[in-house]
Amino acid sequence: MSTTNLGGLASAQTVTEDPHLRRGSRGFPLLPGGYGRSTYYTGAPSPYAVRGDGYRVWDDRGRELIDANNNFTSLIHGNAHPEIVEAATKALSEGSSWGIPNLYEWELADLLVSRLPALDQVRFTNSGTEAVMSAIRIARAATGRDKVIVTKGGYHGTSEVALVPGGPSYTRGVPQGVIDDVTAVPLNDTDFLRQAIESAPDAYAAIILDLLPNRAGLLRITEDFVRAARELATRHGVVLIIDEVISLRLGYNGFSGAYGVEPDLLTTGKLIGGGFPVGAVVGLGDLMAEVDPTRKGSLPHGGTFSGNPVSMAAGAVALRLYGPDQVERLTRLGDTAREAANARVADAGWEIRGSGSLLRAVPRGAEKVDEQTQHELWWASYDRGLLGSPANLLSLSTPMDDTVVNDLTERLVDAVLAVAASSRS
Ligand SMILES: Cc1ncc(COP(=O)(O)O)c(C=O)c1O
């Protein structure tokens with residue numbers, strides 16, 4: 001029997017039996033720690049999802065939850081959207097994947113490039129992590145340089161280069177040579193960025209930026225910093241990669257479109273697969289030529305399931321259904337929720353950050369939120385029927401309307417106030 005109680009909050013996390021032990025047929029977890037993804041971890045045995053429908057999810061503890069996790073922001077249309085289910089089922093019934101190209105890839109590529117008109121071509125991957133890995137490799141091959149600039153605390157998946165900005169606790173197992181090739185620039189420190197590049201102008205292959213980094217508590221990258229990155233990259237032949245694995249949802253032309261910055265390569269994933277595994281590098285033709293197999297000496301790039309028809313078909317429907325009107329509607333819903341919640345949590349020393357349909361509650365001014373606080377807020381939210389990500393990132397989905405988002409906001413405020421009160425006591 002295990003009993004867990006985080007931070008003194010009376011909570012559903014108090015369980016009499018550890019489901020991870022119960023499920024292991026030999027009396028111990030069959031998955032490391034009981035988890036199939038480390039990113040599920042919330043400090044205590046997790047409930048299991050049983051079913052989802054629209055903006056709701058039901059778990060094996062009998063709870064109905066407002067799903068603002070949306071599989072880490074992927075489910076822009078919520079759970080089991082009928083048109084996406086239909087498209088995926090049709091593709092599946094035709095054969096789940098093949099060893100020659102399929103036409104669904106063209107359709108999704110066309111939809112992506114029409115939203116990102118400054119870019120020319122797309123290469124699909126199975127995840128955002130792979131998209132970032134591939135983009136960095138393309139940049140290194142094209143420039144003949146090794147070094148990469150990231151922002152401190154930025155998250156770009158779990159490839160070796162991408163782990164470096166997380167600091168020493170993330171880089172165990174990463175070779176020192178990889179760490180040495182990555183320069184982590186403090187968020188929005190334009191002088192640091194300029195100095196780093198100008199001190200070694202021929203060393204840098206790429207700058208990679210997430211314009212709304214979640215690990216930094218959804219603190220926005222300033223326009224000044226982005227402009228400097230674009231200008232330095234152009235001047236010194238560095239490839240500017242904007243990582244829109246999460247942020248693509250924030251504008252019809254992506255978040256970079258909203259900023260008015262044109263990347264050389266853009267990485268994305270999550271929503272563009274309609275809930276199925278996906279990633280993509282979208283880029284300028286001369287860079288994407290690095291993975292053109294008709295060119296002699298091009299980079300090998302594969303992935304048995306890259307561009308599989310189920311992800312492509314579901315993703316195409318998801319993108320079509322997320323037109324300018326829906327982008328605008330979800331943005332307005334998120335902005336209204338943030339404003340209403342901020343007015344209510346300010347006195348407790350918290351704030352709700354984010355942009356449009358992405359929200360996150362953090363102690364006011366924090367650039368990093370400790371894991372225990374994140375977990376306390378996760379459970380406090382769960383207790384109130386609200387499902388966020390373990391780092392408390394909340395995302396809206398198109399099945400939500402004003403009534404649902406008001407309800408979500410109430411639950412969020414209530415959870416934040418409970419955590420704030422418990423930290424004072
Ligand atoms: C900005 C960013 N880049 C890359 C990734 C990695 O994507 P994936 O989890 O699909 O590998 C993530 C995942 O959350 C992300 O937020």
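If you're wondering where the values come from, they're calculated on a predicted model, not measured in any experiment. Both counts, for ligands and for their atoms, begin at 1 and track the order of listing.
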Is there a heavy atom in Phe72 that sits closer than 4.0 Å to ligand 1?
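Phe72: no contact with ligand 1 (<4.0 Å).
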Could you establish whether Glu130 and ligand 1 come within less than 4.0 Å of each other, counting only heavy atoms on the residue side?
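No heavy atom of Glu130 comes that close to ligand 1.
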For [X] and ligand 1, does the shortest N/O to N/O distance drop below 3.5 Å?
X: Asp243; result: yes
X: Gly128; result: yes
X: His156; result: no

Using a 4.0 Å cut-off to any heavy atom of [X], which atoms of ligand 1 qualify?
X: Gly157; result: 4 (C), 5 (C), 6 (C)
X: Ser127; result: 10 (O), 11 (O)
X: Thr129; result: 6 (C), 7 (O), 8 (P), 11 (O)
X: Lys270; result: 13 (C), 14 (O)
X: Ile246; result: 16 (O)
X: Asp210; result: 1 (C)

What is the ring orientation for Tyr40 with Phe72, classed by angle as parallel under 30°, tilted 30 to 60°, or perpendicular over 60°?
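Rings of Tyr40 and Phe72: tilted, 30 to 60°.
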Kindly assign one of parallel, tilted or perpendicular to the pair Tyr382 and Trp378, based on the angle between their ring planes and the thresholds 30° and 60°.
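Parallel: the ring planes of Tyr382 and Trp378 meet at under 30°.
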Does Glu371 have more than 12 heavy atoms from other residues, nucleotides or ligands lying within 6.0 Å of its CD?
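12 or below, so no.
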Do the numbers put Arg364 on top of the ring of Trp350, so that NZ or CZ is under 6.0 Å from the six-membered ring centre and no more than 45° off the axis?
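Not flagged: Arg364 not positioned over aromatic ring of Trp350.
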Could Arg215 and Tyr170 be counted as a cation-pi pair, given that NZ or CZ must be under 6.0 Å from the ring centre and within 45° of the axis?
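Yes - Arg215 lies over the ring of Tyr170, closer than 6.0 Å to its centre and within 45° of its axis.
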Side chains of Phe225 and Leu187 in contact at under 4.5 Å (non-hydrogen atoms)
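Counting from C-beta outward, Phe225 and Leu187 never come under 4.5 Å.
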Search all heavy atoms of Ile66 against all heavy atoms of Arg411 and return the closest pair with its distance.
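Looks like CD1-NE, 3.6 Å.
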Checking Ser298 against Glu290: is there a side-chain donor and acceptor pair closer than 3.5 Å?
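Judged by distance alone, the side chains do not pair up.
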